Each structure stands twice: as structure tokens, then as C-alpha cells.
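Heads up, the thing below is written out as C-alpha cells.
Computation of the quantities below employed the complete heavy-atom set of this structure, encompassing side-chain atoms and omitting hydrogens, waters and symmetry-equivalent molecules. Quick caveat, the model's predicted, so the values are computed rather than measured.
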Amino acid sequence: MTSIDIFYQGEGIREIAHFEAAPDHSFAAIKIAIIEKHGLDKETLIYLEDRDEPVDESCLLRDHAGHSGIKAHLHRCRHVEAAVTFNGETVHHAFGPGTTVARVKTWAAERKFGMTPQEAGEHVLQIAGTKDRPDPGTHLGTIASCPACKIAFDLVPNERVNG
């Protein structure tokens, strides 16, 4: 393995960006490089996708790389408070900023609102008060900014295409 692909999003970086690094680089080294590239705050933390706690920056990339590389998120918030409303009921939970919208939807639809996986598949998360339906792979931190560190969604039926 000569290099590791790092795909990342972050506070103010909604599109997936790409970075290549040597397997023996630490997360601290790539964090500094990404902060400089995007002009992020030096207090930014680095998270692995769908993890609630920041990664230990002394760890080496090769220790966390999968077959497709590493998916990461950079953000100043330690957690993002997500609120999801469905049928007049709202549930809340704090997730890491690298948590995907898909994970939040599964948590809300299946665990909190008692939907089956099939029923949950017919619904999507829409940012409250908007028509914006983030892609399932979107990290919460790309749509929640610091210092508020929160986002509200409505769980709504997905649009069907007939024909």
C-alpha cells in the first residue's frame, strides 16, 4: 500500500473532498494539511465516519484504513444535537458530526418511531422548515455549524415516481 485515499467532509465542506496520504502518517498530520487547505479553525477535531468521538490523532492511517480508504469528518463541535419530528412527536439524540444522515434516519425511524426497515425505506429526512433533503451519505457536521451544533429534521415520505 503506497498511499491511502481519505474522503472527507467538514464544517463548511458539504461536498466530499479527497486527499491522499502515506499509510504511516498520523491523523494529526492529515488534519493539519486539511485545515491549511480549507482555512479551517485550528480547534477543529477529526472524526471517522459514523463515530461519536474524535479519533486519537496519534494513530496511524494504516490502522484505520479499509479497502476503500478512510472516510473522515472535520468539525469544531464535539457532538451535533439532532432532533427528528414525525407525526407530531420529536426525538433528540447527540451524534458525532461525522454521523451520516442515513444513520440518523435509521435510528429515528426504526428505533424511536418503531418503523420496519421497509417502512423506514419509504421515508427520508428533510431539514425542518426547508425542502432540503440531504443525501444519506451526508455528514451531520456539513449541515450544522458551530457554535449551535444542532440540526432539526422532519421524517417525511419519500417522493415516488410512478410509471
Q.
Restricting to non-hydrogen atoms, name the atom on Val104 and the atom on Ala82 that form the minimum distance, rounded to 0.1 Å.
A. CG1-CB, 4.4 Å

Q: Begin with the C-alpha distance, continue with both residues' side-chain angles, and end with the deciding distance and a verdict on side chain to side chain donor-acceptor pair (under 3.5 Å) for His18 and Asp5.
A: CA-CA 7 Å; His18 176 256; Asp5 291 316; 2.8 Å; yes

Q. Does the side chain of Leu40 come within less than 4.5 Å of Ile13's, by heavy atoms?
A. yes

Q.
Do Val80 and Thr99 have side chains that approach each other closer than 4.5 Å (heavy atoms only, starting at C-beta)?
A. no

Q) How far apart are the C-alpha atoms of Asp52 and Phe95, what are their side-chain angles, what is the distance that settles it, and do they pass the side chain to side chain contact (heavy atoms under 4.5 Å, CB included) test? A) CA-CA 6 Å; Asp52 290 334; Phe95 293 95; 4.2 Å; yes

Q: Just say parallel, tilted or perpendicular for the rings of Tyr8 and His38, cut-offs at 30° and 60°.
A: perpendicular

Q | Straight-line distance of Leu60 CG to His64 NE2, nearest 0.5 Å | A | 8.5 Å

Q. How many angstroms lie between NZ in Lys105 and CD in Gln126, if you round to the nearest 0.5 Å?
A. 13.5 Å

Q: In sequence, state the C-alpha distance, the side-chain angles, and the governing distance for His123 and Phe86, and then conclude on side chain to side chain contact (heavy atoms under 4.5 Å, CB included).
A: CA-CA 10 Å; His123 291 76; Phe86 178 70; 3.9 Å; yes

Q) What's the verdict on side chain to side chain contact (heavy atoms under 4.5 Å, CB included) for Phe27 and Ile70, showing C-alpha distance, side-chain angles and the deciding distance? A) CA-CA 11 Å; Phe27 279 93; Ile70 292 174; 4.0 Å; yes

Q: Check Ser3 against Glu20 and note the closest heavy-atom contact, atom names and distance.
A: OG-OE1, 3.4 Å

Q.
Test of understanding: clusters of I, L, V, M, F, W, Y form through side-chain heavy atoms closer than 4.5 Å, transitively. Do Ile151 and Val124 belong to the same one?
A. no

Q) Is there side-chain contact between Glu53 and His79, with at least one heavy-atom pair below 4.5 Å? A) yes

Q: Say whether Val101 and Val91 are linked into one hydrophobic cluster, either directly or through other cluster members, by side-chain heavy-atom distances under 4.5 angstrom.
A: yes

Q | side chain to side chain contact (heavy atoms under 4.5 Å, CB included) between His93 and Lys112, worked out | A | CA-CA 11 Å; His93 190 73; Lys112 294 300 178 182; over 6 Å; no

**Q.** SG atoms of Cys149 and Cys77 less than 2.5 angstrom apart
**A.** yes

Q.
Measuring from atom CG of Asp41 to atom OG1 of Thr44, what distance do you get when rounded to the nearest 0.5 angstrom?
A. 5.0 Å

Q. If you round to the nearest 0.5 Å, how far is CG of Asp132 from CZ of Phe153?
A. 9.0 Å

Q: Flag the pair Arg111 / Trp107 as yes when at least one side-chain heavy-atom distance between them is below 4.5 Å, and no otherwise.
A: yes

**Q.** Approximate separation, where rounding is to 0.5 Å, of Leu48 CG and Ile46 CD1
**A.** 7.5 Å

Q: Fit a plane to each ring of His73 and His75, take the angle between them on a 0 to 90° scale, and name the class: parallel (under 30°), tilted (30 to 60°) or perpendicular (over 60°).
A: parallel

Q: For residues Pro97 and His139, determine if any side-chain heavy atom of one lies less than 4.5 Å from a side-chain heavy atom of the other.
A: no

Q.
Rounded at 0.5 Å granularity, tell me how far CD1 in Ile32 sits from OG in Ser26.
A. 7.5 Å

Q) Heavy-atom distance under 4.5 Å between the side chains of Ile6 and Ile30, does that happen here? A) yes

Q.
In this structure, would Leu125 and Ile127 fall into the same cluster of hydrophobic residues linked by side-chain contacts under 4.5 Å?
A. yes

Q. Under a 4.5 Å cut-off applied to non-hydrogen side-chain atoms, are Ile16 and Gln9 in contact?
A. yes

Q. Do Arg103 and Leu140 come close enough that some side-chain heavy atom pair is under 4.5 Å?
A. no

Q) Should Ile4 and Tyr47 be counted in the same cluster of Ile, Leu, Val, Met, Phe, Trp and Tyr side chains packed under 4.5 Å apart? A) no

